[in-house]
2 protein chains.
Amino acid sequence: MQIVSEQSRKDIHNSDIPVVCLACEARHGGVCGTLTPSQLTELSRHSTRRRVDPGSEMVGQGETTSNYANIIRGVVKLSKMLSDGRQQIVGLQFAPDFMGRPFTRESALSAEAATGIDICAFPRAVVERLVTEAPGLEHRLHEQALKELDEARDWMLTLGRKTAQEKVASFLYLIATHIDPEHGTATEFDLPLSRADIADYLGLTIETVSRQVTKLRKDGVIRVENSRRVIVPDIGRLMRFAGID
Amino acid sequence: MQIVSEQSRKDIHNSDIPVVCLACEARHGGVCGTLTPSQLTELSRHSTRRRVDPGSEMVGQGETTSNYANIIRGVVKLSKMLSDGRQQIVGLQFAPDFMGRPFTRESALSAEAATGIDICAFPRAVVERLVTEAPGLEHRLHEQALKELDEARDWMLTLGRKTAQEKVASFLYLIATHIDPEHGTATEFDLPLSRADIADYLGLTIETVSRQVTKLRKDGVIRVENSRRVIVPDIGRLMRFAGID
DNA sequence: CGATAAATTGAGCCCAATCAAGGCAAGTGG
DNA sequence: CCACTTGCCTTGATTGGGCTCAATTTATCG
């Protein structure tokens, strides 16, 4: 985790918005959109932009967190582990999601970069003070929590009741809709997760994931250029294989 | 779903708190705790107390919701269904939880009374107006959402990675800690869910649930008075069977 | 190119699902 | 009061989907 930019965060006199925020890809999508220019300046003064390599752990299960962050680029996986090493990914976060569990110091899960990512990190104290001053900020965080809750519950149905085939199809559908939101009937994308990660997300083994991908390919539901690149000729057909309506 | 009390909700001149709220078991635990007396009066003016019989559906998947509610007594199960009928319970709510998904009109899940329950229901419009006036209310709803998110993610680990034995033990542990919070090392309680519901919550079949309960009984982890009443002589041992630390 | 990790494929097994039968308690009607 | 039904739970026998273990193949990278 190396610091990429250390340029001054001071406000610019001829603009209300801090320079670092002006060029930020998460300027409107993250939590920043609700802040006034002066609040944004205050936040940006304490923020640091970081690049994190794929596979490196950002927060460990049970650790005390000192930061919140916006994801500027890439995919983060949130996972939980049993004492004997069995692991379950409980959520994926895509740019420009907000990362961090408000109002709790100790993290109940671990956060790891699935791909290379860029984040904009803020000290928890600054965020928590801003929350009390800007009701719009808490509202935004609330909505993000509700979105994650909806996603978690959707995934519980997948984990508890779907077959391996449906699970893999559901995962591909999830990625398709998140990576390539303006898809037509056909779409194409790179998987942000390894087979091992996909297995941990679906509650399966690597081998089963691999076999089901092969099966979907043989059934003509997907085409596989290499192990990461996937082409979906007909999203509706993929949805049917995923058990979605 | 019959209306139990229709008494006047008007404020009493010699008290700041509405009468119906004074005697309410959820007065402090639900969302009401953060409101000022006048806001509480406003809310209570539009609230209706209802009793709902076990098994009756309160909100259907895909329906438009018109109400929020506090659970005064009993257990509510939140579930999702696939088109072919496979079902997964994605959450349980106990008194004095708040029920309802803020900021969304269409429900993504169905809510059904697991036991007999009492609720205090409010029109969504009243709640949503109060949210804009009382930042403390949004904060309380936010915390409830975060709590539910934590619980959902815990359960994802159970659904995805635990064995049938561990799942059933995890369920018993969950109920033990929610029904009888001030337990010592031993505890005893009635299961609020039928075998079919437990199966839907654990992503198992009723037969497997039944077999695992029998197995836990034969292993001396629990004693079973009748199919509903369970005695746990040693919570720590149950936790170990549940794969918790 | 060789080295190492990631992914695929195969063979056999095991845990939980399925299919089927029976028990138990509460309710119903003759 | 007893036969019958109904709902819920348990138990047994069998099947099968996904796991385990092992061998190859394919990608990645110095």
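In what follows, every heavy atom counts, from backbone to side chain, and hydrogens, waters and symmetry copies are set aside. Lettering follows sequence order; numbering is per chain, from 1.
- Between B:Thr205 and A:Ala196, the residue anchored nearer the 5' end of DNA chain C, judged by the nucleotide with its closest heavy atom, is A:Ala196.
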key: salt bridge (Lys or Arg N to Asp or Glu O under 4.0 Å) assessment of B:Asp97 paired with B:Lys147   = CA-CA 10 Å; B:Asp97 286 348; B:Lys147 191 194 80 174; 3.0 Å; yes

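- Between the P atom of C:dA16 and the CG atom of B:Leu202 lies a distance of 12 Å, rounded to the nearest Å.
- Between A:Arg228 and A:Asp190, none of the side-chain N atoms (NZ, or NE/NH1/NH2) sits under 4.0 Å from a carboxylate O, so this pair counts as no salt bridge.
- Taking for each of B:Arg217 and A:Gln212 the nucleotide of DNA chain D with the nearest heavy atom, the 5'-most of the two is the partner of B:Arg217.
- Both A:Arg161 and A:Leu193 sit near DNA chain C, but only A:Leu193 has its closest nucleotide nearer the 5' end.
- Nucleotide D:dC8 holds its P atom 15 Å from the CG atom of B:Leu191, rounded to whole Å.
- When heavy atoms are screened at a 4.0 angstrom cut-off, B:Ile206 is found touching no nucleic acid atom at all.
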inquiry  = Across nucleotides 23-30 of chain D, 5' to 3', mark each nucleotide with B, S or - according to how protein heavy atoms within less than 4.0 Å reach it.
reply    = --------

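- Ion pairing between B:Asp150 and A:Arg101 holds under the 4.0 Å rule for side-chain N and carboxylate O.
- In this structure, A:Asp197 atom CG and C:dA7 atom C1' are separated by 14 Å, rounded to whole Å.
- The side chain of A:Thr214 sits closest to C:dT9 out of D:dG18, C:dT18, C:dT9.
- There is a side-chain donor-acceptor pair under 3.5 Å between B:Lys162 and B:Ser170.
- A:Gly203 comes within 4.0 angstrom of the backbone, heavy atoms only, and of no base.
- Taking atom CZ of A:Arg195 as the reference point, atom P of D:dG18 lies 17 Å away to the nearest angstrom.
- Looking at heavy atoms from C-beta onward, B:Arg229 lies in side-chain contact with B:Glu188 at the 4.5 angstrom threshold.
- Over its length, the helix from C:dC1-D:dG30 to C:dG30-D:dC1 turns its helix axis by 30°, as judged from the five terminal pairs at each end, rounded to 10°.
- A salt bridge does not link A:Arg49 to A:Asp118: none of the charged nitrogens lies less than 4.0 Å from a carboxylate oxygen.
- Across the protein-nucleic acid pair, A:Asp200 atom CG and C:dA6 atom C1' stand 15 Å apart, rounded to whole Å.
- Ion pairing between a basic and an acidic side chain is recognised when a charged N comes within 4.0 Å of a carboxylate O; B:Lys77 and B:Asp200 show no such pairing.
- Defined by atom type and a distance below 3.5 Å, a donor-acceptor pair is missing between the side-chain atoms of A:Arg195 and A:Ser227.
- The side chain of A:Ser210 has C:dA7 as its nearest neighbour among C:dA7, C:dG10, D:dC9.
- Regarding contacts with the backbone of D:dC8, every side-chain N or O of B:Ser194 stays at 4.0 angstrom or more from both OP1 and OP2.
- Looking only at side-chain heavy atoms (C-beta outward), A:Asp180 and A:His183 come within less than 4.5 Å of each other.
- Rounded to whole angstrom, the span from the CD1 atom of A:Ile198 across to the C1' atom of C:dA6 amounts to 12 Å.
- Note on B:Arg211: every side-chain N or O is 4.0 Å or more away from OP1 and OP2 of D:dT11.
- The pair B:Arg161-B:Glu166 fails the salt-bridge criterion, with no side-chain N (NZ, NE, NH1 or NH2) lying under 4.0 Å from an Asp/Glu carboxylate O.
- A:Leu204 places its CG atom 16 Å from the C1' atom of C:dA7, with the value rounded to the nearest Å.
- At whole-Å resolution of the value, CG in B:Leu159 and C1' in C:dA16 are 15 Å apart.
- Each of C:dT8, D:dC21, D:dT11 was ranked by its minimum atom distance to the side chain of B:Glu207; first place goes to D:dT11.
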